[in-house]
Every structure is written in structure tokens, then in C-alpha cells.
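Contents: one structure, followed by commentary.
Convention: sequence-line order gives letters A, B, ...; per-chain numbering from 1.
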There are 2 protein chains.
Amino acid sequence: MKSCGLIVEYNPYHNGHHYHFQQAKEITGADCVIAVMSGNFLQRGEPALIDKFSRARIAVEQGIDLVVELPYFYAVQHSELFAKGAIRILDSLQTDAVCFGSEHGQIDEFQQLYQTIQHHHQEYQESLKDSLQQGHSYPKANEIAFYQVSNQQVALDFTKPNNILGFQYVKNIYDLDSSITPVTIERIKNDYHDLDIQHPIASATSIRQALLYQEEGSIEEAVPSYTNDVIAQYKKTHGTWHHWQVYFPLLKYRVLTMTISELQAIHGVKEGIENRIVETAKAASTFQEWMELLKTKRYTWTSLQRIFTHILTNSQKSEIENLLTDHHPKGFRILAMSKKGKEYLRYKKKSIEIPWYTSNKPPYPYQLIDERVDHAYYSILPMHSQQQLAKQPYLRPIIKDA
Amino acid sequence: MKSCGLIVEYNPYHNGHHYHFQQAKEITGADCVIAVMSGNFLQRGEPALIDKFSRARIAVEQGIDLVVELPYFYAVQHSELFAKGAIRILDSLQTDAVCFGSEHGQIDEFQQLYQTIQHHHQEYQESLKDSLQQGHSYPKANEIAFYQVSNQQVALDFTKPNNILGFQYVKNIYDLDSSITPVTIERIKNDYHDLDIQHPIASATSIRQALLYQEEGSIEEAVPSYTNDVIAQYKKTHGTWHHWQVYFPLLKYRVLTMTISELQAIHGVKEGIENRIVETAKAASTFQEWMELLKTKRYTWTSLQRIFTHILTNSQKSEIENLLTDHHPKGFRILAMSKKGKEYLRYKKKSIEIPWYTSNKPPYPYQLIDERVDHAYYSILPMHSQQQLAKQPYLRPIIKDA
């Protein structure tokens, strides 16, 4: 049974995602499509609009066969660790191919860049170090180093986040000596950060903007109707979608009752940013304002949001670093599956060396961190919603029978 | 200039408090009345209905000359430490007398009990230890030990919380070899826990009940009109009064994102209660329900509320224990004063050995803990209220000019 892996966040699942899924299936000839998906918090350090179970349900309804959670300690990280986690899970699952969207659409360019960097490893590292010392952010320093070693002979545009992620996927496949074949598809229209929803393939950013800041119903054109239904139902049942502003009072409370040494122990906090976080917390009236007061050249919006996520979920350096020392994850968590997905697991059972789980019940190895992260995520909802949703991880998995 | 100290919480200042204040002044012949008052959280482990600055303002408006804050680490404690902190502050302030209300109204009985316990120290300690081992709460064990050593020859009713507190005041005055004269006034009518407000001297409990669970305005009969005005204005400006239920979502979020070892580090958490706190947090829909699920014979309602206060304010054993090692407070914080109060401080300036502060600005020794506790207290208010009220401790002190 041939399989293809996708690395996704589905925040929310839209027409562009659906196009990519179908293209990937066709190009790779896969019978089974596996999505590794971030959980309740995302790579860019944001709460997902709706929870991971709702997003997993949409994915299987749209035809994905297996939705596997990318654990929190891989998901809410810069692109290198995010990619490492996702590729390791797909490698463990013995996926034949990984198909990612890129601005460029040519896999050769990614492979060539990998070779170039391998050959100029030292030069690359030195350039990276120099730029960081000059106060550039990590992504910017990376971009500069890429340009320097590739000597303008690589056509990849490193300012595009999907190219960066794509490169990291390819790099991790090769570093791991994995049998996964990397495949890329050119992304159609609509920039990652584009705020215009006037197109059937709109960006997830524009869809979220429309949901949060415009009237309801305006996303219909850009998402499958099932996505639209689930999103509307979520708000109807639980009173809100999840976005940073609703967490702002909680986060501010948390920051202002922590000691400085407790803040320093949080994953991602370094170089005295803890003092700025406390001082700006007192002055800010909204989350947006807090971020604007906090932002510096060295700290990108995204890296600050990741720090806020780790504060909110009380994720400490010692814990995260310890979890990251494992070469492969201790196990993976299946959020949803189709009949085909179930079959795939049965078919591969003997050769998959890592245990998988369809519930958070012991001996699921990440129960404690998952429960903590999930509680933080649901904490802004009405009490009855919190109680109902906190039970989900212990119920039967989402299985699409059709 | 003769002075008399009162140990108070004024939650809120009512006719009974006013009567007690006037009686105390008359009986002791004091020119200056000093109130040592709990801050934003109270001895029984509850947030005060309105903040400490509002309560201090009411007190000076009603005639109190000096309102000194009983620091958090003394205030939110069982009666022994609460009394110790208050007496030490009044002793530092060279107060001539301390006047407390009691069910009994006879100071001799308190003195006699002190002597009896001194004479039967070992017997008392053994009885206390026995009862605690049998699973009794600390107050109950104390009560049993009192009865045992007093051999029924002391007329004090140890089930009355004001008698217990009164005894601790007397004990601390003698233990400290202080020159303070203890004085007691019989409390008039209305039990501490009485819920009936149909009397001009109603209990603070019944007044809070009326405010929180009945229509507005119904407390007019039981409080000075100034109290009524400030209380009404507080809600009008800030949208709510402070009581546990409004902190419930925050507290639940906090508990469910802490590790067990973090919970164990919180002041007051012991004997495995941390596990019960986490388990019951998941099941409870309201604060009341949480408390009912959590309560055991060993843990009184009050001791559990104190634990919740320390969790909310992130007050750890190491910090509180360290602060309690000081024989006298490092300084005291004046929340409000009249002209007479100001004069008293000037008059006693040379003989008061401990520095006093009218602002939280450095070198005020408890700035960090006060700021953290205050942020926790204000965190349930709208953002503009939080910002406005967080500035108060750094403004000029409340001075009544008249």
C-alpha cells in the first residue's frame, strides 16, 4: 500500500489545502494519505482557531486517511525542529513520499541547496553566527547564510516561509537517511500572508482575518462546506474561537504573578527578554499592543508568540529539551482515521517500530504535557465546554466509516 | 499622645466595626487609633470584596487615624501567625493598648488561659499532636487541647473564632514581653457567621451575602453611608466585586497547568492534597463545588481557601517561610492616615525602630510580593481598571485632611 505524507496545520482546512491533498495523492500515486498535524497550538506560536479534534475530523471527512498529531514540543518551534519532528514521525510510519507546497515547485532546487550547504557547512555556520551576533533574528540570519553559501546560484526565495519549511523537510529526510521521497507542488496564487479572501484559494491568514474581524459566513467561498459548518458550530457551542486576544487577560495574569527566575525557566526565554515581557505586560491594553511594545530586531513576532505559548502552557526548558533528546518520538497519537488509514496501520503493524495511541490513556508517553497544553487551550471557554472538551482525548478515536 | 491598636479586615467596614472603634477609643482614652488591616486577601483565605485602598479610605473617613497593612505573609495565615504579625506591628508602633472584640468580653479569662497553658505546656502540645494525628484540623485540635489543659475552669468558648484570635493577641503580647495593654470589648449580638442582616449591627458575612446574592442597596441599614457609597462606586467603575467565584476560571487554569512539584512548592500544600486539588479541579463547575469536593475532616474550608489564595498569588513555601523568619517586619506600609495619624508618626519618629513607607517604591521591602499579590487580585477586572488600580501603590498615600 503506497503512502504519502503531508505536514499540515489546517487552521482551518481550506480549498488550497484540499487542492494540495488531491495533487499530492495523484502525483505520488498514494493509496493512503497521512497528515502530520500540529495540535492545539501552532508553529507560529498561536492557538488554533478550533481545537485539534475538530480539525482532525474535518481532515478525514475531506479524504485524509490518517491524522497524526505533531507533539507540542516539536510543533511550537522554529522551522528546523518542526520539520525534524514531522519527518521523524512520517519516517517511523514508513511513508513512501512527503509532498509539500512551495513557492518554487521544483524539488531539484531544494536538493541542490542541501548539497551546497553540506559542502559549505563551516562557512554557513560562521555566517549564521555572525548575523546572530549582529542582532538579526534567527530566520533572517538563516536567510543571509543561505544566500552567502549558495552564491546566488540557487533560485529559492528564502524570504518565503514555505520555501524555508520545504528546505527543512528535505534536509531532515537526507540527514535521517530516510527512504522517504521528497516531492513538492507549486503553491497556487495567494501569498502566505495575503489578507485578501476574494479567491477560492485564499490563504489561511485571510480566512482567519475574515472570521475574526468581519461578519460571519464570509469564508464560504474559500473553504469546503464541512469546514464552514464545523467552524460555525464550534462558536455556537463554545461561545468563541481561539485567538490570542481572548487569552490576553490569562497570559497577563500569569506573567505578572511569575517570578523572574520562573520566567527564565520557560522554553524560549533568553537574553533578558523576561524583564521586557514583565514591563510591557503592565503597559499593554491588548495582546496586539503587548506584541508591538515587545518586538525588537532580534525577536520576530513569531518567536515572541512562541514564548507566549510556552508561558501559557507552562512549558519549561528542562522539560522540552529533555523531550527533544529522543531520536524518534516515544510514540505517536492518532487523532482521526479513515478505514483506509486503519488498514494501513494494520498492514504496516510489524514494521512500524514506534507504538501508536488512539487515546491519551496511559501508557501514552505524552499524557502529562498534552493534558497541560490542552487545559491551557480550553481555559478561555465556558466551564461546561472545558469539561466536555477535556474528555475528548480519552474517548474513542475519530473514525470515518465511509 | 495615647494610642490604641485595632486588628481588622473591614470587609467591609460596618456599623459593628464603627461601634467597636468608638468603644475602644473611649475605654482606652486614646488620642490616636491605629488599625492594622489585611490587604487584598484576608485571613480566611478570601479576596476582599473591594481593594485595600478603598477599605483604608473608608476607615480614615470614619475616624481611624492610621491604617497599616498587615503584610500578605502574616495576613493569609492561621490565627497564630495572623496575630503574631499584627501584634508585632503594633508593638513596633509603640501602641499603648490593643482592643479586640470577643464573645466573652472579659480580659481576665484570656490572661488566665495564657497562664494555664504556660503551666501545662507539654500536656497542651501532646494533646495537640494527638488530635492532629487522629486527623483533626488544626483549629479543632487546638480547641481540644485548650479544653484539656484548662480543665473546664476557663469560661472561654473556643468554638468562637473571635475568642481564638483574641487569645492569640494576648499570647503574642505576653510572649513578646510587649508593653501593650490588652483590652477586650464584648461583641454585641450577631454571630460571626450569622447570615441575617436585619439588624443595624449585622455581621460582615451577612453583609457580603446580601451584596453578592441579593439586590443592591440592601446593606444600607448595616453600614455607614460612606461604606455604601464606596462599595457601589467600586462595582460601577470596575464591573464587579471580588469573590472566589469570579477567580474560579483563573484558578482552575492555574492548577491544571502546574506540575505536581510546583503545586507542592506552594505555601500550605502538604500531605498529598495537591493530587486531590488537581483531580477535583477537573470535576468542579463552580468554586463552591470545587471546595465541597475537596473538603475533608483534616482540611477546613478556611485552610483550603488559604491554599487557593497562595496558588492564585503564586506564593511559595520557600518565600513565605523566609519572610516569616524575621523577628519583626522589615518595615510597614501605611495605607491611609488622618492628620492625627501623621502627627503620631512624627511624635514617635525617634523611638519607632522600623522604617515605614507610604508607597511601594523601593526601598519598600515587600514590593515584589505585594505587586504579585495585587496583580493576582486585580486580574479579574477589565483591563483599564487593572491598569488604573495597579498604579495606586505608587501614588501619594491617602490622607484625610479634615
Side-chain angles (χ1 to χ4, degrees), chain A residues 72 245-263 265-266 278-279 281-290 309-316 318-319 368-391 393-394, chain B residues 245-263 265-266 278-290 309-316 318-319 368-391 393-394:
Chain A
Y72 177 85
Q245 181 55 30
V246 288
Y247 291 90
F248 174 56
L250 214 57
L251 192 63
K252 182 178 162 176
Y253 152 75
R254 184 69 193 112
V255 161
L256 293 180
T257 54
M258 286 172 94
T259 63
I260 285 294
S261 63
E262 283 174 328
L263 259 175
I266 294 293
V278 171
E279 285 318 307
K282 292 176 191 167
S285 306
T286 63
F287 182 77
Q288 177 81 12
E289 204 182 311
W290 195 359
T309 306
H310 299 315
I311 293 174
L312 187 77
T313 61
N314 189 21
S315 299
Q316 299 177 19
S318 54
E319 179 189 30
L368 279 184
I369 184 168
D370 269 23
E371 217 175 80
R372 222 180 56 228
V373 167
D374 291 351
H375 277 300
Y377 180 78
Y378 293 127
S379 63
I380 52 134
L381 299 181
M383 217 39 79
H384 64 269
S385 292
Q386 288 189 40
Q387 288 178 324
Q388 179 205 325
L389 295 171
K391 283 178 197 149
Y394 299 95
Chain B
Q245 180 55 29
V246 287
Y247 291 90
F248 174 56
L250 213 58
L251 192 63
K252 182 179 162 175
Y253 152 75
R254 185 67 193 113
V255 161
L256 293 180
T257 54
M258 287 171 94
T259 63
I260 286 292
S261 63
E262 284 174 327
L263 258 176
I266 294 292
V278 171
E279 285 317 307
T280 49
K282 292 177 192 167
S285 306
T286 63
F287 183 77
Q288 177 81 15
E289 204 181 312
W290 196 359
T309 306
H310 300 315
I311 293 173
L312 187 77
T313 61
N314 189 20
S315 299
Q316 298 177 19
S318 55
E319 179 188 31
L368 278 185
I369 182 168
D370 270 22
E371 219 175 78
R372 221 180 55 227
V373 168
D374 290 352
H375 277 300
Y377 180 77
Y378 292 128
S379 64
I380 51 135
L381 299 182
M383 218 37 84
H384 64 268
S385 290
Q386 287 190 39
Q387 288 178 324
Q388 179 206 327
L389 294 171
K391 283 178 195 150
Y394 299 95

Examine distances only and state if a side-chain atom of B:Tyr253 and a backbone atom of A:Leu312 form a donor-acceptor pair shorter than 3.5 Å. yes
Going through the distances and angles, do B:Arg372 and A:Thr259 end up as a side chain to side chain donor-acceptor pair (under 3.5 Å)? CA-CA 9 Å; B:Arg372 221 180 55 227; A:Thr259 63; over 6 Å; no
Applying a strict 4.5 Å limit to non-hydrogen atoms, the region of B:Leu368 in contact with chain A is neither
* **Under 3.5 Å: donor-acceptor pair, side chain of B:Gln387, backbone of A:Ala283** => yes
Between the CG atom in B:Leu251 and the CD1 atom in B:Ile311, the distance rounded to the nearest 0.5 Å is 6.0 Å
Under 4.5 Å to a heavy atom of chain A? For B:Ala390 that would be neither
Interface check, chain A: of B:Glu371, B:Glu262, B:Gln316, most non-hydrogen pairs under 4.5 Å belong to B:Glu262
When the 4.5 angstrom heavy-atom criterion is applied to A:Lys252 and chain B, the contacting part is side chain
Okay, B:Glu319 and chain A: the region with an atom under 4.5 Å from a heavy atom over there is neither
query: Parallel under 30°, tilted from 30 to 60°, perpendicular over 60°: which one fits the rings of A:Trp290 and A:Phe248?
result: perpendicular
